[in-house]
Amino acid sequence: MKLGLAALIFLVGCGGFSARADEYKIGLIDMQRAIQTSDQGKKAKSELEQAFNKKKGELQGEETALKKMQEDFQKQQGALSETAKKKKQADMQARFVKYQELLQKSQAEI
């Protein structure tokens, strides 16, 4: 008895759904096209490019500074004492670690 009542309720429910199914429309959105052609999409893309270029500039500046630091160390290495060499190497290592953290953070943000 309970099974028959449940089946009846299910069939009535399905019948009601199929009668309304023609009222619904399904559409597809091409997100790439929407971003490229809409004003908001163009604005968002522009803002993202600006942020990317800013981060890229910061990273390139830090990379250049690290290379210069390495070159200076190579030039001065013969004249430095052992403790001064270790300190300079530790400074370079710390700065390189900060650079890597900045790089990872920037990649996550973008």
Side-chain angles (χ1 to χ4, degrees):
M1 179 71 178
K2 289 182 181 181
L3 183 59
L5 183 59
L8 179 64
I9 291 173
F10 177 74
L11 290 175
V12 171
C14 288
F17 178 72
S18 64
R20 294 183 189 164
D22 60 345
E23 295 175 12
Y24 297 103
K25 295 185 181 188
I26 297 174
L28 299 175
I29 297 174
D30 183 356
M31 291 302 292
Q32 188 68 25
R33 184 171 176 219
I35 290 171
Q36 291 176 349
T37 58
S38 71
D39 291 336
Q40 290 177 339
K42 289 176 184 177
K43 181 181 175 186
K45 183 179 176 185
S46 173
E47 289 173 357
L48 183 61
E49 286 174 350
Q50 288 175 353
F52 176 77
N53 289 335
K54 180 181 175 187
K55 291 290 182 185
K56 185 178 176 182
E58 290 175 11
L59 290 169
Q60 286 176 339
E62 186 63 23
E63 186 176 345
T64 302
L66 283 168
K67 285 180 182 178
K68 180 160 176 30
M69 227 175 152
Q70 179 69 27
E71 290 171 3
D72 291 345
F73 176 72
Q74 293 295 329
K75 290 176 186 176
Q76 299 171 353
Q77 193 171 6
L80 295 174
S81 67
E82 200 59 37
T83 53
K85 285 180 188 178
K86 287 181 182 180
K87 182 179 182 333
K88 203 119 165 105
Q89 286 175 332
D91 291 344
M92 287 189 314
Q93 183 67 27
R95 189 156 181 186
F96 182 72
V97 168
K98 286 182 182 180
Y99 167 75
Q100 287 181 325
E101 289 172 355
L102 179 63
L103 179 64
Q104 289 175 354
K105 181 181 173 187
S106 298
Q107 288 175 340
E109 286 177 5
I110 296 298

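Numbering of residues begins at 1 and proceeds along the displayed sequence.
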(request) For atom CD of Gln74, decide whether the heavy atoms of other residues, nucleotides or ligands shown that lie under 6.0 angstrom number more than 12. (result) yes

(request) Kindly write out the residues that satisfy salt bridge (Lys or Arg N to Asp or Glu O under 4.0 Å) with Lys54, not counting sequence neighbours, or none if the list is empty. (result) none

(request) Of all the heavy-atom pairs spanning Leu80 and Lys88, show the shortest one and how long it is. (result) CD1-CD, 4.3 Å

(request) Answer yes or no: is there a donor N or O on one side and an acceptor on the other, between the side chain of Ser46 and the main chain of Lys42, under 3.5 Å? (result) no

(message) Return the CG to CD distance between Leu103 and Glu58, rounded to the nearest 0.5 Å.
(response) 12.0 Å

(request) Starting at NZ of Lys86, measure out to CG of Asp91 and round the result to the nearest 0.5 Å. (result) 14.5 Å

(message) According to salt bridge (Lys or Arg N to Asp or Glu O under 4.0 Å), who are the partners of Lys68, at least two apart in sequence or on a separate chain?
(response) Asp72

(message) Quick check: closest heavy atoms across Met92 and Leu66, and the distance to 0.1 Å?
(response) O-CD2, 4.3 Å

(message) Within a 6.0 Å radius of atom CG on Asn53, are there more than 12 heavy atoms belonging to other residues, nucleotides or ligands?
(response) yes

(message) For the OH atom on Tyr99, are there more than 12 heavy atoms of other groups (residues, nucleotides or ligands in this structure) within a distance under 6.0 Å?
(response) yes

(request) Please say which of Lys98, Arg95, Lys67 ends up in a side-chain hydrogen bond (donor to acceptor under 3.5 Å, both in side chains) with Glu62. (result) Arg95

(request) Calculate, to the nearest 0.5 Å, the distance between atoms CZ and CD belonging to Phe96 and Gln70 respectively. (result) 10.5 Å

(message) Within this structure, what is the CG-CG distance for the pair Leu102 and Leu59, rounded to the nearest 0.5 Å?
(response) 5.0 Å

(request) Report the distance from atom CD of Gln60 to atom CD of Glu63, rounding to the nearest 0.5 Å. (result) 7.5 Å

